[in-house]
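These notes are about the structure you will find just below.
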Amino acid sequence: MSNRRAPLFRPLEPTLSATLSSPTAAPGVASTRRRVGVRAAGLGTGLLLLVAVTVLSIAVGAKQLTLVEVWHGLVSPGSPEHAVVQQMRLPRTLLGLLAGAALGVAGSLMQALTRNPLADPGLLGINAGASAAVATATALLGVATVRGWIWFALLGAVVVTVAVHAVGGGRQATPERLALAGAALNAVLYSFVSAVMLLDAASLDRLRFWTVGSLATADFTTVATVAPFILAGLLVGLAGARPLNALALGDDAARALGASPALIRAGTVTAVTLLCGAATAACGPIVFVGLLVPHLVRALTGPDLRWLLPYAAVLAPVLLLGADVLGRVLGRPGELQVGLVTAVLGGPLFLRLVARR
C-alpha cells in the first residue's frame with residue numbers, strides 16, 4: 001500500500017519548485033515590477049526635463065546668458081551677470097518651481113476629491129476667495145506686499161472653503177454639490193474683485209499684473225514667505241495619496257479599509273487651501289496649470305495618486321516655467337505675463353478635453 005501512495009506525494013515538491021522557478025510563475029508580480037520601473041524611469045526623465053527648464057529660465061530673457069555666464073552669475077558676486085541672475089532670474093525661477101508644484105498637486109487633489117476630471121484649484125472657489133481677500137486688503141488697508149497678502153489670501157481661501165462646504169450640504173455634501181457651490185461663489189467673488197479694481201485706481205495699479213498672473217515681481221522675500229506654506233501643503237497632499245486612493249472606491253469601501261472619509265476630505269481641503277492660497281498670493285490666479293497637468297500625468301501613471309502626485313509636482317513647474325520663458329521670448333523687448341501664456345496654451349486644450357467628454 002505504501003508503494004502505491006508514494007508516487008502520489010513525491011511529485012508535488014519538484015512540481016512546485018518548477019512552478020516557482022518558471023518565468024511565467026507570477027505574471028502579476030512581473031507586470032507590477034515592470035510598471036513600477038517604467039513609472040520610476042518616467043519620473044527621472046521628468047526631473048531631468050525640470051532641470052533643463054530651470055536652466056533656461058535663468059539664461060533666457062531680455063539679456064541672453066550662456067551657461068558659463070549663468071554659472072558666473074551664481075558663484076561670482078563680482079561678475080557682471082551676478083545682478084541679473086541673483087536679483088531677478090533666480091528668485092523668479094524658484095517661485096515658478098514652488099508655484100508650479102503647488103498648482104499641479106492642488107489640481108490633482110481636487111480632481112481626486114471631487115471625482116471630476118474638469119476640476120482645478122479654482123473649482124471650489126479657493127483661488128477666488130484668496131483673490132477677493134487680497135483685493136480687499138489692498139483697497140481698504142493699503143497692503144501692497146506678498147508678506148501681507150499671503151495671510152489675507154489664506155484667510156480668504158479658508159472662509160470660502162467653509163462657505164462652499166456649508167452651501168454644498170455640510171456633512172451631506174457630495175462632489176456634485178461642492179462643484180456647483182464653488183462655481184457660484186467663484187463667479188460672485190471674481191465680480192467683486194473686478195468691481196474693487198475699477199472703483200479704486202490705486203488698487204488697479206497695484207494689482208493689474210497680479211490679477212493676470214505673473215512671476216515678474218518675484219524676489220527672495222516673496223520666495224521665503226510662501227515656501228513654508230507650499231511645502232507644508234505638498235507634504236499634507238502627498239501623505240494623503242493612499243487614503244485618497246481608498247476614498248476613490250467609495251465611502252463604505254474606504255471605511256472598510258480603515259480610512260475616515262471625513263478626515264481624508266478635511267486633510268485634502270487643507271492641503272489645497274495652503275497650496276492655492278500661497279501660490280495665488282505670490283503670483284496671482286494662474287489658470288489651467290492645475291487642470292491640464294493632472295490629465296497629462298494620468299496618461300502616464302493611471303489613477304494611482306501615489307505616482308500621480310509626484311509626477312504632477314515635477315511636471316507642473318516644467319509647464320509653468322516653460323510658459324514663462326516662452327512669454328519672455330515672444331514679448332521681446334518686453335514680455336508676456338505667464339498667466340496670459342498659460343491661458344492661450346490651455347484654452348484650446350481645455351476645449352478639446354471638454355469636446356472629447
Side-chain angles (χ1 to χ4, degrees), residues 46-76 79-104 127 145-146 149 205-227 230 278-293 296 313-350:
L47 288 171
L48 292 176
L49 186 59
L50 181 60
V51 171
V53 175
T54 300
V55 173
L56 280 177
S57 179
I58 298 176
V60 175
K63 176 181 172 56
Q64 291 290 108
L65 299 178
T66 65
L67 293 180
V68 174
E69 290 173 331
V70 169
W71 177 252
H72 287 165
L74 290 172
V75 301
S76 302
S79 64
E81 300 83 10
H82 180 76
V84 175
V85 172
Q86 292 284 350
Q87 297 179 15
M88 299 174 60
R89 296 189 188 170
L90 185 58
R92 181 174 186 159
T93 301
L94 292 176
L95 183 59
L97 292 172
L98 289 171
L103 295 173
N127 280 356
T145 64
V146 174
W149 282 345
D205 290 337
R206 292 172 186 164
L207 296 175
R208 57 179 177 173
F209 289 113
W210 180 86
T211 53
V212 174
S214 174
L215 301 175
T217 59
D219 54 27
F220 283 112
T221 300
T222 301
V223 174
T225 301
V226 302
I230 291 178
T280 302
C283 309
I286 297 176
V287 296
F288 287 122
V289 175
L291 173 67
L292 297 177
V293 170
L296 299 175
V314 170
L315 295 182
V318 172
L319 175 61
L320 187 61
L321 286 178
D324 190 41
V325 171
L326 184 62
R328 297 182 222 171
V329 173
L330 295 178
R332 285 177 178 171
E335 66 177 67
L336 296 176
Q337 304 303 316
V338 66
L340 295 175
V341 179
T342 58
V344 171
L345 294 177
L349 294 175
F350 176 73

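As a basis for the values below, the full set of heavy atoms in this structure was taken, side chains included, without hydrogen atoms, waters or symmetry mates.
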Inset, instruction - Would you indicate whether Leu67, at its atom CG, is surrounded by more than 12 heavy atoms from other residues, nucleotides or ligands within a distance under 6.0 Å? - result: no
Using the test side-chain contact (heavy atoms from CB on, under 4.5 Å), find all partners of [X] that sit at least two apart in sequence or belong to another chain.
X	result
Val344	none
Thr221	Arg147, Asp219, Thr225
Gln86	Leu74, His82, Leu90, Phe220
Ala316	Val289, Val293

For residues 92-100, which side-chain donor-acceptor pairs fall under 3.5 Å, sequence neighbours excluded?
unit_1: Arg92; atom_1: NE; unit_2: Asp324; atom_2: OD2; d: 3.0
unit_1: Arg92; atom_1: NH1; unit_2: Glu335; atom_2: OE1; d: 3.3
unit_1: Arg92; atom_1: NH2; unit_2: Asp324; atom_2: OD1; d: 2.9
unit_1: Arg92; atom_1: NH2; unit_2: Glu335; atom_2: OE2; d: 2.5
unit_1: Thr93; atom_1: OG1; unit_2: Ser57; atom_2: OG; d: 2.8
unit_1: Thr93; atom_1: OG1; unit_2: Arg89; atom_2: O; d: 2.8

Roughly how far, to the nearest 0.5 Å, is the [atom2] atom of [Y] from the [atom1] atom of [X]?
X	Y	atom1	atom2	value
Glu69	Ile58	CD	CD1	13.5 Å
Leu345	Leu292	CG	CG	9.0 Å
Leu47	Leu315	CG	CG	8.5 Å
Leu49	Leu319	CG	CG	10.5 Å

Legend entry - Side chain to side chain, Val55 and Val70, heavy atoms closer than 4.5 Å: no
Nearest non-hydrogen partners of [X] and [Y], listed with the distance:
X	Y	result
Ile230	Ala102	CG2-CB, 3.9 Å
Ala282	Thr222	CB-CG2, 4.0 Å
Gly46	Val318	O-CG2, 4.4 Å
Pro317	Leu50	CB-CD1, 3.7 Å
Val338	Ile286	CG1-CD1, 3.9 Å
Pro91	Val223	O-CG2, 3.5 Å

Inset, instruction - Please list all pairs passing the side-chain hydrogen bond (donor to acceptor under 3.5 Å, both in side chains) test where one or both residues lie in residues 341-350, with sequence neighbours left out. - result: none
Inset, instruction - Using the side chain to side chain contact (heavy atoms under 4.5 Å, CB included) rule, take Val146 and Trp149 through it: C-alpha gap first, then chi angles, then the decisive distance, then the call. - result: CA-CA 5 Å; Val146 174; Trp149 282 345; 4.2 Å; yes
